[in-house]
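Here is the structure we will look at.
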Protein chains: 2
Amino acid sequence: MESATVDVFDINCPSRAVMEHLSSRWGVLIQIMLLREGTMRFSELRRAIGGVSEKMLAQTLQTLERDGIVDRFVHPVIPPHVDYSLTELGEQAARAVNTLFDLIAGRWTDFEQAQDAYDKRKGEK
Amino acid sequence: MESATVDVFDINCPSRAVMEHLSSRWGVLIQIMLLREGTMRFSELRRAIGGVSEKMLAQTLQTLERDGIVDRFVHPVIPPHVDYSLTELGEQAARAVNTLFDLIAGRWTDFEQAQDAYDKRKGEK
DNA sequence: CTGCATCCTAAAAGATACTG
DNA sequence: CAGTATCTTTTAGGATGCAG
């Protein structure tokens, strides 16, 4: 019994798609947010994540749910109440994504300086 | 002297853009590849990363160079020879991205099962 | 070989209105 | 409240040709 070969560098490998879901614009923010808060409902996520449209939030959540990253729990009440949280697998992914965020936040001046230096180099020529 | 406030959840915060560069489709693959190989030239990256066009590779490399993730070294020869490698900052980012890849590769069956289960649930309804 | 410039298409994302 | 459906706009991305 062999472990499946997974190669994100192969454009036809299905892992490429999962990688893109995990690293998608709204996907990363959802993961970080849920990692911080544990559980959030749709409208809370909507408010917390600046710039997401209703449509993109719903769509991204569905993709992440399908990949086993996010759990969706519907409370059988009216008006509707739907809770989202990370699965154990999702928590692993979210930690990695959050490391990326911490790096950006922690070394923000480095990023700014790099950008300034680059723009200066280009401006001269 | 305060550390700058950085908030990826604010659509107007410049950190949002950097996060998108780091997690972009081709950005993640470039980072993982350079982390593995150390240094690669343009044409090597082009061959190694399935599906990248010349245009997108050049464009993504420039963005990553501007953000201080990637170093670009032009050998003054004809025909041109350009080497790309990770900066120290880029190496930190690449490690986080690579963790994501390891997760996908290491737990691929979990992802597949989650997808199958989701599709089955939906198919029934 | 390593790009850049241009054009063009397909896909992603936003706005809006509507429903259970 | 939590979506879906539809429409429009924007952006990403591919193809090609050319230059240093």
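Computed from a predicted structure; not experimentally measured. By convention in this document, chain letters (A, B, ...) are assigned in the order of the sequence lines, proteins followed by strands, and residues within each chain are numbered from 1.
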Expressed as a whole number of angstroms, how long is the span from [X]:[atom1] to [N]:[atom2]?
X	N	atom1	atom2	value
A/Lys122	C/dG3	NZ	C1'	11 Å
B/His81	C/dG3	NE2	P	11 Å
B/Gln59	C/dA5	CD	P	12 Å
B/Asp83	C/dG3	CG	P	10 Å
A/Ile78	D/dA2	CD1	P	13 Å
B/Met40	C/dC1	CE	P	15 Å
B/Ile49	D/dG14	CD1	C1'	16 Å
A/Leu57	D/dG3	CG	P	8 Å

So which of [options] actually passes side-chain contact (heavy atoms from CB on, under 4.5 Å) with [X]?
X	options	answer
A/Thr60	A/Val28, A/Ile30, A/Val52, A/Leu29	A/Ile30
B/Leu34	B/Leu45, B/Leu64, B/Ile69	B/Leu45
A/Phe101	B/Leu22, B/Asp7, B/Val8	B/Val8

Out of [options], whichever nucleotide has its closest atom nearest the side chain of [X]:
X	options	result
A/Ser53	D/dG20, C/dG14, C/dG3	C/dG14
A/Arg72	D/dG3, C/dG14, D/dG14	D/dG3
B/Ala58	D/dG3, C/dC4, D/dC1	C/dC4
A/Lys55	C/dG14, D/dG13, C/dG3	C/dG14
B/Phe42	C/dT2, D/dG3, D/dG13	C/dT2
A/Gln62	D/dT4, C/dC1, D/dG17	D/dT4
A/Met56	D/dG14, C/dA13, D/dA2	C/dA13
A/Ser43	C/dC1, D/dG17, D/dC1	D/dC1

Earlier contact from the 5' end, DNA chain C, for A/Arg46 and B/Leu61: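 It is B/Leu61 whose nearest nucleotide is closer to the 5' end.
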Using a heavy-atom cut-off of under 4.0 Å over every strand shown, decide if [X] touches base, sugar-phosphate, or nothing.
X	answer
B/Glu20	nothing
B/Pro79	sugar-phosphate
B/Arg41	sugar-phosphate
A/Glu54	base

Look only at the side chain of B/Glu44 and the backbone of B/Arg41, and say whether a donor-acceptor pair between them is shorter than 3.5 Å.
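Looks like yes, one N/O pair under 3.5 Å.
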- Query: Any side-chain N or O of A/Tyr84 under 4.0 Å from OP1/OP2 of D/dC1?
  - Reply: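 So the side-chain polar atoms of A/Tyr84 never come under 4.0 Å of the phosphate oxygens OP1 or OP2 of D/dC1.
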Would you say a side-chain N or O of B/Arg25 is under 4.0 Å from OP1 or OP2 of D/dG13?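 True: B/Arg25 side-chain N/O within range (under 4.0 Å) of D/dG13 OP1/OP2.
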**Report entry** All pairs passing salt bridge (charged side-chain N to carboxylate O under 4.0 Å, His left out) where residues 64-91 of chain B contributes a residue, at least two apart
**Finding:**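 Passing the test, one end in residues 64-91 of chain B: A/Arg107-B/Glu88, A/Asp119-B/Arg66, A/Arg121-B/Glu65, B/Glu91-B/Arg95.
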Original post:
Do A/Glu37 and A/Met40 have side-chain heavy atoms sitting under 4.5 Å apart?
Top reply: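 With C-beta onward as the side chain, the pair touches.
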